[in-house]
Amino acid sequence: MRTSWADSASEIPVSDNGSTPRPTRSAYVPPHLRNRQASDAPNLPGPATERPGFCGTAGGSRWSGGGAPKPELGHSGPGYGYAGGLVGRGGSGGGWNNRSRGWDKREREVNPFDDDVDGKTVDVEQAFGEPENTGINFDAYEDIPVETSGENVPPPVNTFAEIDLGEVMNQNIRRCKYVKPTPIQRHAIPIALAGRDLMACAQTGSGKTAAFCFPIISGIMREQYVQRPRVGRAVYPLALILSPTRELSCQIHDEAKKFSYQTGVKVVVAYGGAPINQQLRELERGVDILVATPGRLVDLLERARLSLMMIRYLALDEADRMLDMGFEPQIRKIVEQMDMPNRGVRQTMLFSATFPREIQRLASDFLSNYIFLTVGRVGSSTDLIVQRVEFVLESDKRSHLMDLLHAQRENGAHGKQALTLVFVETKKGADSLEHWLCINGFPATTIHGDRTQQERELALRSFKTGKTPILVATDVAARGLDIPHVAHVVNFDLPNDIDDYVHRIGRTGRAGKSGLATAFFNEGNLSMARPLAELMQEANQEVPAWLTRYASRAPYGGSKNRRSGGGRFGARDFRRESSFGKNLDYYGGGGNSGNAAYGVPSNYGGGYAPGVTSAWD
DNA sequence: AAAAAAC
């Protein structure tokens, strides 16, 4: 999904031939090219710069050096989709973009940033009366505990400068207003750059997308002109990023476009509910990184318009969702039964804010000698989210919501009304609540799986821009979506799983900003009493006495993520939970695994010290 | 039981 400012950026007029944006200003020179000599080529491997089209084997990659079998190529010649740029290129230095289509024939990439729309910035900030898009409030993430396990964990970095992503990407990072890496980025990026498989758990809104995108883009830049087969009409991406919802795939795509701007690395998105032909055309123009939802991906594979044979990087966002009951067979099919290289050959990275142990066990099938990383302490990010629970009878929910919204309207002093995201259990419930809000004077819209994709995208856009400051949503909007200015998340219907609750409330309090989450609880939510009370307590939230009473009576429930011995929320490496000396094959063939594999001593054995353990979120 | 994900 596009953010509102990105929307504007993409509305640069395009000429009829469709290839060259025609901005009103003349001859825009990208900032990173200003004051630059033509021969000022970036630090790229020599051969690639000299003969870009014919550099068959990548230097310095884990595939050429590590002894891992490289997929055999049935064909030689320039990589698919880049042939055009390899012809007739001037011999003088090559320029910044070795993968583009050459100086003259180069297609102008639409600027994905908001700093360059006909010279004016899009004023989301004014509309909401607070600065936005100024990057992440890093102070909110200082000093939070990190746990890693696995063999030879690469050390974290403190700055983007330490990880040499190249000048082009550095410029993109600056344009994203990222000043320094977030903790998940500090730890995950070196691990990923070292070629290691990774299972990473970090708080909602803490910068996971960049944490897996940066290494992928940088890796593909280093590889330079991997030769790709040409068989039938298939295209051969080098990286695959899967996510559980269409809107999330769009969002990741938009982010990845920013990170890869002017690198020549091509990012394409494919998802259902939208015309496939357009997506096929985009794919045919060349794809290095494919962002997709599972259904459409399988469709493309079955049509033989896509092959995973050349995949070097596989990333699953919201990985625990991707591997839960509904999705797991499809993911297994994609990863194990199509033509994707095996684990250990490709590099696999799994990211989420939650990682139930059972899902970790499943996930280990896809990983090889992986590092488990968890960043963030109980309550660190959720300190930013004030959580409230109110006892509201089913029949009172609507009027109670109305009261909240009225109060909010009166408090919302300047600018537009703060955005409120209301979660309900069912699609029908979403429609009916939306209708009710509208006829009661609250501009609302709704997003759920029974709406057309067009309606879904329109709803999200309308919400983001503040046109309809209330969005009623099912769990389709629970994960990953980054919607600035969501001040309030209302769990009108509580979910049945505490992890879903965590993801839902994580739609607010993002990038170091604060937020409010209100839940309506009643007798229908008894199974959530205990996990909710525990979660809130560990996040230093005020737990109402009545909820504590319900919790003490209630059985364990509301979670796939059984917390052993007294409610330790957390993403903890499930490999630690198995008896030492057993189950060593969970290391996926690492060979010399054992106790020494653990990079950081754990408080294994149940010693749970509140506040100093790993992320739950 | 619901939600999501292809046509």
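What you see is a predicted model; the values in this text were computed from it and never measured. Throughout, protein chains are lettered first and strands after them, A, B, ... in sequence-line order, and every chain is numbered starting at 1.
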Engineer: Within the 4.5 Å heavy-atom criterion, are Glu318(A) and Phe351(A) side-chain neighbours or not?
Structural biologist: no

Engineer: Whole angstrom is fine here: how far is it from CZ in Arg246(A) over to P in dA6(B)?
Structural biologist: 5 Å

Engineer: Grab the CD1-C1' distance between Ile447(A) and dA3(B) for me, whole Å please.
Structural biologist: 13 Å

Engineer: Hey, does Val287(A) have a side-chain heavy atom less than 4.5 Å from the side chain of Glu282(A)?
Structural biologist: no

Engineer: Quick one: which of dA1(B), dA2(B), dA6(B) gets closest to the side chain of Thr426(A)?
Structural biologist: dA2(B)

Engineer: Apply side chain to side chain contact (heavy atoms under 4.5 Å, CB included) to the pair Phe391(A) and Tyr550(A), showing each step before the final yes or no.
Structural biologist: CA-CA 11 Å; Phe391(A) 193 93; Tyr550(A) 274 115; 3.4 Å; yes

Engineer: Measure the distance from CD on Glu425(A) to P on dA4(B) and round it to the nearest whole Å.
Structural biologist: 11 Å

Engineer: Distance check needed: dA2(B) P versus Lys427(A) NZ, whole Å only.
Structural biologist: 10 Å

Engineer: Rounded to the nearest 0.5 Å, what's the gap from SG on Cys213(A) to NZ on Lys208(A)? Could you check?
Structural biologist: 13.0 Å

Engineer: What is the distance, to the nearest angstrom, from the NE2 atom on His448(A) to the C1' atom on dA2(B)?
Structural biologist: 13 Å

Engineer: Report the nucleotide, chosen from dA5(B), dA1(B), dA6(B), that has the shortest atom-to-atom distance to any side-chain atom of Gln330(A).
Structural biologist: dA5(B)

Engineer: Taking the six-membered ring for Trp, are His400(A) and Phe520(A) parallel (under 30°), tilted (30 to 60°) or perpendicular (over 60°)?
Structural biologist: perpendicular

Engineer: Need one value for Val476(A): base, sugar-phosphate or nothing, where a base atom within 4.0 Å counts as base even if backbone is also close, heavy atoms only.
Structural biologist: sugar-phosphate

Engineer: Using only side-chain N and O atoms of Thr245(A), determine if any of them is under 4.0 Å from OP1 or OP2 of dA5(B).
Structural biologist: no

Engineer: Looking only at side-chain N and O atoms, does Thr293(A) come under 4.0 Å of OP1 or OP2 in dA6(B)?
Structural biologist: yes

Engineer: Rounded to whole Å, how long is the line connecting atom NZ of Lys428(A) with atom P of dA3(B)?
Structural biologist: 10 Å

Engineer: Base, sugar-phosphate or nothing for Gly326(A)? Non-hydrogen atoms, less than 4.0 Å.
Structural biologist: base

Engineer: Does a side-chain N or O from Arg456(A) land closer than 4.0 Å to OP1 or OP2 of dA5(B), or not?
Structural biologist: yes

Engineer: Over how many whole Å does the gap from Gln279(A) atom CD to dA6(B) atom C1' extend?
Structural biologist: 11 Å

Engineer: May I have the distance from Arg321(A) (atom CZ) to dA2(B) (atom P), rounded to whole angstrom?
Structural biologist: 15 Å

